[in-house]
Amino acid sequence: MHGEYKVPGGKLVVVDLEVEPSPQGDVLRGVRVAGDFFLEPDEAILDIDRALEGAPADTPAPQLAARIDAALPEGTVMFGFSSEAVGIAVRRALAQATDWRDYDWELVHVGPQPPALHMALDEVLTAEVAAGRRPPTLRVWEWGSPAVVIGSFQSLRNEVDAEAAERHGITVVRRISGGGAMFIEPGNTITYSLSVPDALVQGLSFADSYAYLDDWVLGALNDMGVKAWYQPLNDIATDAGKIAGAAQKRLLGTDGAVLHHVTMAYDIDADKMLDVLRIGKEKLSDKGTKSAKKRVDPLRRQTGLPRSAVIEKMVASFRGRYGLAEGTVTPEEMARAEELAAAKFSSAEWTARVP
């Protein structure tokens, strides 16, 4: 069995192993760890292999990491990876997880769409990936109008000032994923979705899958001179503040699929945002800041690039890593999305399902 795990912001860890039956249950045999990481002393790589040899095959990643830590000599330096990263690579090998390069990726980047239709397209396209009728897809959104997008489990009245939203001409929609509210203005926002097979994140915890699916965009930002990192659970941050928030939804199908979408602040009207969103003191209490304005640092200032150029560089970075063919939404997919947008995502019943 073969497993790989690219540490977010770090190096690649590769594990090859076999599973052998024993009276006590299946155990790991022939474990060999490799990668482009750095490790001192050299002999510590053999200690890692020996620590994993004979481990029960159902051992979770944190416990595999503990076995490694106990076996490493004092003073060992692991740079670009960690014992937990090795444990994750083992779990991915056992789960027969796939890699980004195992797929033919498709890009969908079409003209502006209404907020409710974007919610529906996410659900429809990810369901098509789950059913095996669509390849893994990167969809870049273009917004047809301003919006507030609230998470699946948020209270509508607690998150949004309805009168202010109406006054500013802002549509409020609810997405199928969890997480917090996003304030959207078409020229100030960059949003993308990844609709991927469940096999891509096999062996990863829910939290680890966020960092794993965000790693490519960290590389793209770095190429633009933005030193960004993944901040658990679902933020992309810089020294100057948060620049993006991610959310996920797991859909069932033939093999299952994961919807991972990210909204990035290219620019922002902070006063309007604070007028429309009800951002409470409790939400800010763990963010290390007293002002919601200071929580977001737009990409326009950090890159000095037009919004379209930022998107082009992001897409080019993804294509350079994994390959990316031009695609579109099929007529059948669009018809289903339009029906779902009208029946579900534009309905008061759905939007106010948590009043």
Distance-only donor-acceptor pairs under 3.5 Å for side chains of residues 25-38, two or more places apart:
residue : atom : partner : partner atom : Å
Arg29   : NE   : Glu20   : OE2          : 3.3
Asp36   : OD1  : Leu12   : N            : 2.7

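Side-chain contact, Arg353 with Ser152: a donor N or O sits under 3.5 Å from an acceptor N or O. No hydrogens or angles considered: a donor-acceptor pair under 3.5 Å links the side chains of Trp143 and Thr191. Between the side chains of Ser209 and Gln248, at least one donor N or O lies within less than 3.5 Å of an accepting N or O. Defined by atom type and a distance below 3.5 Å, a donor-acceptor pair is present between the side-chain atoms of His118 and Arg139. Residues Arg300 and Thr303 bring no donor and acceptor atom of their side chains to less than 3.5 Å of each other. Checked by atom type, the side-chain pair Glu142/His109 shows a donor-acceptor distance below 3.5 Å. Using a 3.5 Å distance cut-off with no hydrogens or angles, the side chains of Arg157 and Ser155 do not pair a donor with an acceptor.
Without hydrogens or angle criteria, Asp161 side chain to Glu163 main chain gives a donor-acceptor distance under 3.5 Å. Proximity of a side-chain donor or acceptor of Tyr230 to a complementary backbone N or O of Leu233 within less than 3.5 Å is detected. The backbone N or O of Trp100 sits less than 3.5 Å from a side-chain atom of Trp105, completing a donor-acceptor pair. Side chain of Glu333 to backbone of Thr330: a donor-acceptor contact under 3.5 angstrom is found.
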Checklist entry - Under the side chain to side chain donor-acceptor pair (under 3.5 Å) criterion, do Thr76 and Glu40 qualify, and how do the steps go? => result CA-CA 6 Å; Thr76 296; Glu40 293 289 348; over 6 Å; no
Apply side chain to side chain donor-acceptor pair (under 3.5 Å) to Ser193 and Trp141, showing your working.
CA-CA 8 Å; Ser193 300; Trp141 303 22; 2.8 Å; yes
Does Thr351 form a side chain to side chain contact (heavy atoms under 4.5 Å, CB included) with Val173? I'd like the steps, not just the answer.
CA-CA 6 Å; Thr351 305; Val173 291; 5.6 Å; no
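When all heavy atoms of Gly169 and Pro146 are compared, the closest pair comes out as O-CG, 3.5 Å. What you find for Arg134 and Val329 is that their closest heavy atoms are NH2-CA, 4.1 Å. Closest of all the heavy-atom pairs between Pro136 and Pro197 is CG-CD, 3.5 Å. In terms of heavy atoms, Gly203 sits closest to Arg92 at CA-CG, 3.9 Å. Taking both residues in full, the closest heavy atoms of Ala337 and Ala120 are given as O-CB, 3.2 Å, listed atom of the first, atom of the second, then distance. The nearest pair of heavy atoms linking Leu299 to Met264 is CD1-CE, 3.8 Å.
Each of Lys313, Arg307, Glu312, Met314 was evaluated against Val310; a single residue qualifies, Met314, per the side-chain contact (heavy atoms from CB on, under 4.5 Å) test. When the options Thr189, Val296, Val149, Ile170 are evaluated for a side-chain contact (heavy atoms from CB on, under 4.5 Å) with Phe183, the one that passes is Ile170. Tested against Glu123 for a salt bridge (charged side-chain N to carboxylate O under 4.0 Å, His left out), the candidates Lys249, Arg175, Lys344, Arg336 yield a single pass: Lys344.
Counting heavy atoms from C-beta on, the side chains of Gln202 and Thr98 never come closer than 4.5 Å. Residues Leu138 and Val108 fail the side-chain proximity criterion, which asks for heavy atoms closer than 4.5 Å.
The list of salt bridge (charged side-chain N to carboxylate O under 4.0 Å, His left out) pairs with a residue in residues 186-209, not counting sequence neighbours, is empty.
In terms of the ring pair (Phe, Tyr, Trp, His ring centres under 6.0 Å) criterion, residue partners of Tyr192 (sequence neighbours excluded) are, by chain and number, Trp216. Residues satisfying the ring pair (Phe, Tyr, Trp, His ring centres under 6.0 Å) test with Tyr210, not counting sequence neighbours, are Phe206, His260. Every residue two or more places apart in sequence or in another chain that forms a salt bridge (charged side-chain N to carboxylate O under 4.0 Å, His left out) with Glu185 is listed here: Lys272. Scored by the ring pair (Phe, Tyr, Trp, His ring centres under 6.0 Å) test, Tyr266 finds no partners at all (sequence neighbours excluded).
The pair Glu159-Arg278 fails the salt-bridge criterion, with no side-chain N (NZ, NE, NH1 or NH2) lying under 4.0 Å from an Asp/Glu carboxylate O.
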